[in-house]
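Here's the structure we're looking at; comments come further down.
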There are 2 protein chains.
Amino acid sequence: MNEVFRALSDPTRREILRLLRARDMTAGELAERFPLAKSTLSGHFSVLRHAGLIVQERRRTSIVYSLNLSAVEETIAGVLSLLKTGRDGKEGS
Amino acid sequence: MNEVFRALSDPTRREILRLLRARDMTAGELAERFPLAKSTLSGHFSVLRHAGLIVQERRRTSIVYSLNLSAVEETIAGVLSLLKTGRDGKEGS
DNA sequence: TCTGTATTTCGTCAAATGCAGAAATAAACA
DNA sequence: TGTTTATTTCTGCATTTGACGAAATACAGA
């Protein structure tokens, strides 16, 4: 959970999620959308992947990233309930 | 929105929100719950306040903090829809 | 106004973060 | 195996962050 929030705290990473919401994209396609070095984007992918927010899959020479939508929803819903109910946030829906 | 995510990315700040979920507390009461200097906690309060997640109110000699629950819910719900639908996240519920 | 209590602001420091370019790795294919 | 393409890992640097203690501010009451 900690990692998820840290991942979401960066605007570039949230924009990556937004792009992946529309369709799966390769690392290179994503990198083209930002005025940043590919190595920098690769680092952002890594953070998002460790947080479970995206998944990667190798397809021929490229690596395709896709949004792990259910993980995103679960996480945010979990936080919502954590802030609404009276428990300690260990158990979810 | 950016500020909200940055505010939520720190574990101490999320714990502050959890404590305030139970009841309003003064800055001193909150500070007692953490092994940190009061000045450090004051900084966290400031971040949470600027993000709109908590509100403060002076009561006699103390400053009472309370959770801005509706803001929290709105924010997280907004993010949820931003990740689910195909728009740009400017319009919400 | 002076004192005591509660909280924030300031100055400083160590650690973490985001970035770039260079080198390394992985896969497809001649 | 050697080459090309796609991506990641490594190294170094500048900025930001979270932490502390000391000083400053705000308010209530003698």
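Lettering of chains follows the sequences in order, A, B, ..., and the numbering in each one begins at 1.
Backbone-only contact: R6(B) has heavy atoms under 4.0 Å from sugar-phosphate atoms and none from a base. Residue T26(B) is in sugar-phosphate contact alone, with no base atom involved, counting any heavy-atom pair closer than 4.0 Å across all strands shown.
For the side-chain contact (heavy atoms from CB on, under 4.5 Å) with Y65(B), the qualifying choice from M25(B), R49(B), E29(B) is R49(B), the only one to do so.
Nearest-nucleotide assignment on DNA chain C puts the 5′-proximal partner with A27(B), out of A27(B) and S9(A).
Counting heavy atoms from C-beta on, the side chains of I63(B) and E57(B) never come closer than 4.5 Å. Side-chain contact check for L30(B) versus L20(B): some heavy-atom pair is nearer than 4.5 Å. You'll find the side chain of F34(A) reaches within 4.5 Å of the side chain of E15(A), heavy atoms only. Looking only at side-chain heavy atoms (C-beta outward), S62(B) and R58(B) stay at 4.5 Å or farther from each other.
Sorted by residue number, the members of residues 29-42 of chain B with any non-hydrogen atom under 4.0 Å from DNA chain D read P35(B), L36(B), A37(B), S39(B), T40(B). The stretch residues 52-64 of chain B touches DNA chain D through R58(B), R60(B), T61(B), each having a heavy atom within less than 4.0 Å of the strand.
Using a distance-only test at 3.5 Å, with no hydrogens or angles considered, no donor-acceptor pair links the side chain of N68(B) to the main chain of V55(B). Side chain of R14(A) to backbone of L8(A): a donor-acceptor contact under 3.5 angstrom is found.
For the pair H44(A) and dT17(C), the criterion of a side-chain N or O lying under 4.0 Å from OP1 or OP2 is not met.
Between N2(B) and S9(A) the shortest heavy-atom distance is OD1-O, 4.1 Å.
Annotation for R59(A): atom CZ does not count as buried by contact number, only 12 or fewer foreign heavy atoms lying within 6.0 Å.
Salt-bridge formation is not detected for the pair R6(B)/E3(B): no Lys NZ or Arg NE/NH1/NH2 atom is positioned less than 4.0 Å from an Asp or Glu carboxylate oxygen.
The outermost nucleotides of DNA chain D lying under 4.0 Å from heavy atoms of chain B, listed 5' to 3', are dT17(D) to dG29(D).
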